[in-house]
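Below, chain A is the first sequence line, B the second, and so on; all start at residue 1. Computed from heavy atoms alone, side chains included, the values below leave out hydrogens, waters and symmetry copies.
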Protein chains: 2
Amino acid sequence: MSRDTLPRPTDAELGILRVLWDRGASTVREVHETLRDGSGYTTVLKTMQIMTEKGLVMRDESQRAHVYTARVPRENTQRQLVTDLVDRVFGGSPARLALQALSTKKTSPEELAELRQLLESLEKEAES
Amino acid sequence: MSRDTLPRPTDAELGILRVLWDRGASTVREVHETLRDGSGYTTVLKTMQIMTEKGLVMRDESQRAHVYTARVPRENTQRQLVTDLVDRVFGGSPARLALQALSTKKTSPEELAELRQLLESLEKEAES
DNA sequence: TGTGGACTACGAAGACCTTCGTTGACACCT
DNA sequence: AGGTGTCAACGAAGGTCTTCGTAGTCCACA
């Protein structure tokens, strides 16, 4: 199943994608072992097969144990989910989401510095 | 169906909640008319009935046309969805989500000012 | 009285998601 | 050759979500 725009990954699919993003190319067994949720081996297998059909992952079948790779970069998916959420519950305002996100938990000084940097570049941009 | 913690609203439910948050208490007809997606009247009705069972909305049946009200405040749902997303795709770092959100689209000067204010209070907090 | 409009309630269909049991292939070891 | 372990493939079940048709109720009005 090839599409022009990839579907929003489901929860289970997201779990698997995360493993693939972190580990890189992996077999079903590796994903299943990394992903220590309750789900059985065949469940993970089946989901990964479906993800292949959807175009979310690629499969290398040259080995007996097929090797899967994420076909969508982590960043893209993050962006997709963020804009999705922004549109659906924050009236299209990313800043609203950012404010909400930041006010929930505490943030490390490094991240604060990054934020400040981004903020300042945005401010500079707004001036012009 | 009463629960301790409310379920994550589905897409259709979120659309209805948005109408209720914006309009306040509304009948099915009003929601259906505001919500100009393709869905039929009975679809919206059914969904709102289910939402009542789930505890997402309250229903006042004293009138012939029942009047529905959101039972979850917009802020709570926003927080719920944000922390959800943070946990599932941003490794638990709200700042990462904020950075992603802000780098996607441009932000108004007013929102930038708000962000700066929040950022500075966070920085102050981090110092101590 | 009876006809039409506005409403709720009900049920069921179809899609998708998640789950897992079972089967068959393959390879290795005894 | 037989047994064991690992793997993909398949199919089906059970759940949830979304959709809508249909039926019943109530009321207003001709």
Side-chain angles (χ1 to χ4, degrees), chain A residues 1-3 5-20 25-69 77 81 84 88-89, chain B residues 1-3 5-20 25-69 72 77 80-81 84 88-89:
Chain A
M1 189 186 304
S2 64
R3 309 187 178 225
T5 80
L6 290 158
R8 173 151 46 118
T10 67
D11 285 358
E13 288 169 351
L14 216 39
I16 290 168
L17 279 177
R18 252 175 27 191
V19 174
L20 294 180
S26 308
T27 64
V28 174
R29 172 142 314 274
E30 289 165 339
V31 170
H32 175 245
E33 274 167 8
T34 307
L35 194 63
R36 286 221 168 280
D37 57 349
S39 54
Y41 175 85
T42 51
T43 301
V44 176
L45 168 64
K46 176 72 161 190
T47 304
M48 290 174 79
Q49 285 170 345
I50 292 173
M51 291 170 79
T52 308
E53 285 167 16
K54 289 188 184 173
L56 290 171
V57 299
M58 279 179 56
R59 177 167 52 182
D60 172 8
E61 310 183 0
S62 66
Q63 305 299 322
R64 177 150 131 72
H66 298 176
V67 176
Y68 290 80
T69 322
T77 303
L81 293 173
D84 208 80
R88 286 187 302 120
V89 266
Chain B
M1 189 187 305
S2 63
R3 310 186 178 225
T5 81
L6 289 158
R8 172 151 48 116
T10 67
D11 286 357
E13 288 169 352
L14 216 39
I16 290 169
L17 280 177
R18 253 177 26 193
V19 173
L20 294 179
S26 308
T27 64
V28 174
R29 172 142 312 274
E30 289 164 339
V31 171
H32 175 245
E33 274 167 7
T34 306
L35 195 61
R36 286 220 168 281
D37 57 349
S39 54
Y41 177 84
T42 51
T43 301
V44 177
L45 168 65
K46 177 72 162 190
T47 305
M48 291 174 79
Q49 286 170 343
I50 292 173
M51 291 170 80
T52 308
E53 285 167 17
K54 289 188 184 172
L56 289 171
V57 298
M58 281 180 55
R59 177 166 52 183
D60 172 7
E61 311 184 359
S62 66
Q63 306 298 321
R64 177 150 134 71
H66 298 176
V67 176
Y68 289 80
T69 321
V72 288
T77 303
Q80 177 188 13
L81 293 173
D84 208 79
R88 285 187 302 122
V89 266

Distance check: side-chain N/O of B/Gln49 vs OP1/OP2 of C/dA9, anything under 4.0 Å?
-> yes
Just to confirm, is there a sub-4.0 Å distance from OP1 or OP2 of D/dT6 to any side-chain nitrogen or oxygen of A/Arg29?
-> no
Heavy-atom pair with the smallest gap, counting every atom of A/Pro9 and A/Leu14 = CG-CD1, 3.9 Å
When you check the phosphate oxygens OP1 and OP2 of C/dA9, does a side-chain N or O of B/Arg59 lie under 4.0 Å from one of them?
-> yes
About how many Å separate OH of A/Tyr68 and CG of A/Leu17, when rounded to the nearest 0.5 Å?
-> 13.0 Å
Return the value, rounded to whole Å, for the distance between atom CD of A/Gln63 and atom P of C/dC26.
-> 16 Å
Report yes if at least one side-chain N or O of A/Lys54 is closer than 4.0 Å to OP1 or OP2 of C/dC17; otherwise report no.
-> yes
B/Lys46 NZ - C/dC10 P separation (whole Å) = 8 Å
Compare side-chain N and O positions of A/Tyr41 against OP1 and OP2 of D/dA8 and report whether any pair is under 4.0 Å apart.
-> yes
Ranking C/dT18, C/dT8, D/dA8 by distance to the side chain of A/Leu45, first place goes to D/dA8
d(CD, A/Glu53; C1', D/dC10) in whole Å = 12 Å
Just how far, in rounded Å, is P of C/dC20 from CD1 of A/Ile50?
-> 14 Å
List for me each residue that meets side-chain hydrogen bond (donor to acceptor under 3.5 Å, both in side chains) alongside B/Thr77, sequence neighbours excluded, and say none if there are none.
-> none
Measure the shortest side-chain to side-chain distance between B/Glu13 and B/Met48 over non-hydrogen atoms and say whether it is less than 4.5 angstrom.
-> no
Non-neighbouring partners of B/His32 that pass ring pair (Phe, Tyr, Trp, His ring centres under 6.0 Å), sequence neighbours left out = B/Tyr41
Presence of B/Thr43 side-chain N/O under 4.0 Å of D/dC20 phosphate oxygens OP1/OP2 | yes
What is the distance from CE of A/Met51 to C1' of D/dA9, rounded to the nearest Å?
-> 18 Å
Here the ring pair (Phe, Tyr, Trp, His ring centres under 6.0 Å) pairs for residues 46-67 of chain B, sequence neighbours left out, are none
For atom CZ of B/Arg8 and atom C1' of D/dC17, their distance in whole Å = 13 Å
B/Lys54 versus B/Leu6, closest heavy-atom pair with distance = O-CD2, 3.5 Å
State, to the nearest 10°, the angle formed by the axis through the first five base pairs of the helix from C/dT1-D/dA30 to C/dT30-D/dA1 and the axis through its last five.
-> 30°
Which residues share a side-chain contact (heavy atoms from CB on, under 4.5 Å) with B/Ser26, sequence neighbours left out | B/Leu20, B/Arg23, B/Glu30, B/Val31
Please report, rounded to the nearest Å, how far the C1' atom of C/dC17 is from the CG atom of A/Leu14.
-> 14 Å
Whole angstrom is fine here: how far is it from CG in B/Asp11 over to P in C/dA15?
-> 19 Å
Interface residues of residues 31-39 of chain A with DNA chain C (non-hydrogen, below 4.0 angstrom) = A/Ser39
Heteroatom pairs (N/O) under 3.5 angstrom, protein to nucleotides 21-29 of chain D:
from   : atom 1 : to      : atom 2 : distance (Å)
D/dC26 : O2     : B/Arg64 : NH2    : 3.4

Residue list, side-chain contact (heavy atoms from CB on, under 4.5 Å) with A/Ala25, at least two apart or on another chain = A/Val67, A/Thr69
By side-chain hydrogen bond (donor to acceptor under 3.5 Å, both in side chains), A/Gln63 pairs with (sequence neighbours left out) none
Going by the salt bridge (Lys or Arg N to Asp or Glu O under 4.0 Å) test, which pairs reach into residues 32-46 of chain B, not counting sequence neighbours?
-> B/Arg29-B/Glu33
Set of residues satisfying side-chain contact (heavy atoms from CB on, under 4.5 Å) with respect to A/Arg8, sequence neighbours excluded | A/Gln80, A/Leu81, A/Asp84, A/Arg88, B/Asp11
